[in-house]
Participant: 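Okay, here's the structure, questions in a sec.
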Amino acid sequence: MADSEARKVIELGYGGNERLVMNMGPQHPSAHGVFRAILTLEGETVVAVDAVIGYLHRCHEKLGEMLTYVQYPTIASKTDYVAAMTAELAYVTAVEKVASFEVPKRAQYLRVMVAELQRVASHCLWLGTWCLDMGGALGGGATVFLYCIRERELVLDLFESLTGARLLYGFHQIGGTRYDVPPGWAQTCRETIALIEQRVDEYEAMLEDNAFFLVRTQGVGVIHPALAQEVGISGPLARGSGIDFDLRRAEPYSSYQDFDFKVPVETAGDCYARYRVRMQEFRESIKIVRQVLDGLPEGPISSRPGVKSVGQVRVPKGEGYSRVEGARGEIGFYIVSDGGPKPYRMKVRGASFSNLAILPHIIPGCKIADVVAIMGSVDPVFGEVDR
Amino acid sequence: MPPLVGDALAAFILLNAVVGMVTYVTLLERKFAARMQSRIGPYRVGPHGLLQPIADALKLMMKEDIVPRAADRWVYNLAPIAFLIPCVLIFATIPFAPRLGLADLNIGVLFFLAVSSLEIVGLFMGGWGSNNKYALLSAMRAVNQIISYDLPFVFAALIPVVLAGSLQMSAIVAAQQGLWFVFYPVIGQLGFVAFLVATLAAENRVPFDILEAESELVAGFRVEYSGMKFAIIQLGEYAHMIASSFLGALLFLGGWLGPGSDVPAVGVLWFVLKALLVFLVVTWVRWSFVRIRVDQILAVSWKLLLPATVGLLLVTAFWVAWRGAPGA
């Protein structure tokens with residue numbers, strides 16, 4: 001059906017072709033933030049969808065030009081606030097690339113560790129909210145949600161004892177990390193990840209033997225690999241469609257080449273495949289954290305210790321782009337420096353923004369109930385979409 | 001005492017018992033769900049949260065009553081009452097112990113099934129009158145679902161009727177004197193499971209709660225209701241749920257039969273316990289499954305549940321014709 005034809009609305013008629021335009025959002029329980037989907041419905045079937053974003057726009061790119069290299073990392077964590085560690089990491093690696101700063105090995109390992117713990121925490125929230133979308137706040141979904149939040153809290157407790165914050169950390173700084181692991185932290189971390197690993201098995205047992213869960217996810221929202229590449233989705237979403245690409249392996253940053261991990265790939269391309277990819281990523285991330293804890297080298301945690309003023313870090317003239325594999329896909333920062341303490345221009349590539357663009361391609365033809373299931377499986381964070 | 005006054009008094013007592021039961025069953029469900037989700041549940045209002053339902057009811061009474069400007073006022077305002085009446089009316093036929101009920105009709109089961117499906121009228125009125133697209137979609141789904149699930153519900157409920165050879169509720173219980181119907185090999189168990197599934201759908205509970213579907217349709221047909229009207233809809237829904245649990249306990253679990261049930265009070269206790277068991281099974285299902293899609297719900301009903309219940313009913317009928325009704 002042509003796109004313009006799909007959008008034609010006949011609200012009153014007797015030919016069985018009546019259509020209804022329904023706003024899903026910006027305030028909607030399953031919007032995962034503030035997202036507005038204008039659905040054109042034919043009965044229960046969605047024939048067209050318009051995605052409206054921008055409700056959470058906070059001028060992050062302009063903020064990046066106004067704040068210095070010392071100040072901005074804590075603000076970068078507010079783009080993807082569910083996985084703040086990787087958002088910060090993306091910014092500092094971009095600046096370090098432009099400035100050619102060295103990062104000590106210990107700092108690189110610590111960065112990998114927090115990034116992977118963050119991935120676990122982020123996937124916990126994803127699984128919980130996604131089940132909440134499908135099962136409802138007054139049903140089995142809420143049960144899974146509360147289990148997942150319980151595990152996410154454990155990871156946040158680890159971050160709290162590491163940085164003092166639970167959501168937006170300010171852990172990374174240009175040239176290294178701001179904090180080192182406190183005494184006894186490594187042991188707590190090992191116990192926590194062992195517990196989470198065991199709980200992931202429990203989730204799988206609860207969901208994968210559940211016929212209702214399977215019928216809601218299998219064959220729903222199929223993304224063809226060609227479409228995935230055309231739209232430019234990344235992360236678990238692309239890997240669920242059989243695209244074997246992970247920046248941690250393709251362009252290792254922050255010493256990822258030192259660690260042994262698998263990149264899970266599923267070929268079905270449906271919601272269930274994306275679920276499988278993320279469930280395997282839980283385990284791979286836990287594996288990486290264990291390797292970091294085992295092989296954490298001694299040494300300084302920053303090549304530029306002791307920040308005395310906000311304008312202390314100066315980056316020579318130049319520009320560069322650096323990207324990292326966040327929990328939702330590729331997060332990139334493009335920095336143009338004119339030699340001062342602030343970037344001249346900054347551009348952010350949010351993973352959720354590109355991933356969200358897949359919705360109009362896969363939603364038409366689905367039922368309303370599938371819309372929320374598909375949106376949940378895309379796992380957008382609107383702080384990152386709108387920036 | 002003139003008979004009319006006696007009946008009115010009995011009805012008044014029953015109505016209040018129903019309302020009291022509904023308020024405390026919500027607390028039971030919340031506590032039960034909380035335990036499933038490794039939480040504590042309501043705890044602050046009164047000892048162990050025992051006054052929570054009363055606080056909730058008071059809160060709902062004091063809430064502002066909002067009527068959307070675009071709503072069809074008559075339909076919108078009448079809908080909660082139209083929804084509540086059938087849900088409460090079905091209690092009239094349930095005997096809680098021998099001769100302890102409002103009206104032990106000789107067509108009790110038929111009355112229950114007929115009146116309980118009338119709730120769809122109030123539901124559709126609410127969905128239509130709210131003039132809200134979410135509510136309208138929910139009302140459409142409701143009609144779809146109730147039509148699909150009433151048939152298997154009726155067929156599953158007819159299995160005990162055929163076994164007992166009577167539509168009268170007290171006669172059905174009397175027929176289970178020797179053995180509860182749920183313990184009849186194969187027929188009883190399958191019939192009970194089919195009855196439970198159909199009950200879940202008729203009560204609009206997860207995994208069949210597509211009318212409410214708070215993650216898609218926000219709250220479905222009651223999205224525009226607030227305050228006491230919302231409370232009445234909630235009350236009706238829970239009353240229906242409890243009545244269905246009582247029906248399940250009565251049809252399959254032997255009603256008030258049990259050790260010491262010659263004493264009416266003990267019989268009532270047994271009956272309430274069995275009904276709570278049915279209710280908790282339904283609640284357990286609710287808090288463990290995700291919701292399924294509207295087309296899948298219809299497929300389950302027409303392709304699986306309906307043929308299964310019809311088949312079971314036929315098998316039961318042949319068996320009764322061959323061996324004679326156990327209750328007769």
Side-chain angles (χ1 to χ4, degrees), chain A residues 11 18 20-25 27-32 37 39 41 43-46 128-151 199 206-207 209-220 366-373 375-376, chain B residues 26 29-30 32-41 132-141 143-145 197 200 204-220 222-223 234 237-238 282-300 304:
Chain A
E11 286 212 349
E18 298 88 345
L20 189 70
V21 173
M22 192 169 84
N23 266 309
M24 213 173 209
Q27 298 293 332
H28 189 275
S30 302
H32 286 233
L39 305 174
L41 303 175
E44 281 272 335
T45 313
V46 180
T129 49
W130 185 46
C131 288
L132 203 60
D133 287 349
M134 289 191 299
L138 301 172
T143 309
V144 180
F145 176 75
L146 285 161
Y147 291 161
C148 292
I149 287 296
R150 181 182 63 185
E151 269 67 86
R199 294 269 166 84
M206 181 167 178
L207 295 172
D209 298 336
N210 182 336
F212 292 117
F213 177 76
L214 296 182
V215 295
R216 280 303 302 277
T217 53
Q218 283 177 336
V220 172
C366 289
K367 298 273 185 287
I368 300 172
D370 288 337
V371 174
V372 291
M375 245 178 67
Chain B
T26 57
E29 175 168 21
R30 286 172 71 179
F32 185 78
R35 286 295 167 194
M36 278 186 71
Q37 299 172 341
S38 56
R39 297 185 285 122
I40 297 171
N132 178 306
K133 287 174 183 175
Y134 291 125
L136 179 66
L137 274 172
S138 159
M140 300 293 184
R141 287 178 173 191
V143 176
N144 244 336
Q145 185 177 335
V197 175
L200 273 173
N204 317 322
R205 302 223 101 191
V206 177
F208 304 107
D209 72 331
I210 51 166
L211 332 185
E212 190 184 339
E214 68 288 315
S215 56
E216 303 146 29
L217 302 182
V218 191
R222 55 185 170 197
V223 64
Q234 269 314 67
E237 206 155 86
Y238 272 84
V282 169
T283 311
W284 176 29
V285 170
R286 177 187 191 187
W287 294 99
S288 359
F289 286 124
V290 296
R291 178 187 309 126
I292 59 176
R293 229 163 43 209
V294 58
D295 53 326
Q296 292 161 344
I297 283 184
L298 298 187
V300 167
L304 178 74

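Because the structure is predicted, anything quoted here is derived from the model rather than measured.
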Participant: To the nearest 0.5 Å, how far apart are CE in A/Met134 and CZ in A/Arg216?
Facilitator: 6.0 Å
Participant: Using a 4.5 Å cut-off on heavy atoms from C-beta on, say whether the side chain of A/Lys367 contacts that of A/Thr45.
Facilitator: yes
Participant: Determine yes or no for a side-chain-to-main-chain donor-acceptor pair under 3.5 angstrom, with B/Thr283 supplying the side chain and B/Glu29 the backbone.
Facilitator: no
Participant: At a heavy-atom separation under 4.5 Å, does A/Met24 approach chain B through its side chain, its backbone, both, or neither?
Facilitator: both
Participant: Between A/Glu151 and A/Arg199 (side chain of the first, backbone of the second, donor and acceptor by atom type, cut-off under 3.5 Å), is there such a pair?
Facilitator: no
Participant: Would you mind checking which part of A/Leu207 comes under 4.5 Å of any heavy atom in chain B, side chain (CB onward), backbone (N, CA, C, O), both or neither?
Facilitator: neither
Participant: Please flag which part of A/Phe212 lies under 4.5 Å from any non-hydrogen atom of chain B: side chain, backbone, both or neither.
Facilitator: both
Participant: Looking at chain B, which one of A/His28, A/Met22, A/Met206, A/Arg150 has the largest number of heavy-atom pairs inside 4.5 Å, strictly under?
Facilitator: A/His28
Participant: So for A/Val372, is it side chain, backbone, both, or neither that comes closer than 4.5 Å to the heavy atoms of chain B?
Facilitator: side chain
Participant: Look at B/Arg293 together with A/Glu44 and state whether they make a salt bridge at an N to O cut-off of under 4.0 Å.
Facilitator: no
Participant: Among B/Met140, B/Gln296, B/Met36, which residue has the highest count of heavy-atom pairs closer than 4.5 Å to chain A?
Facilitator: B/Gln296
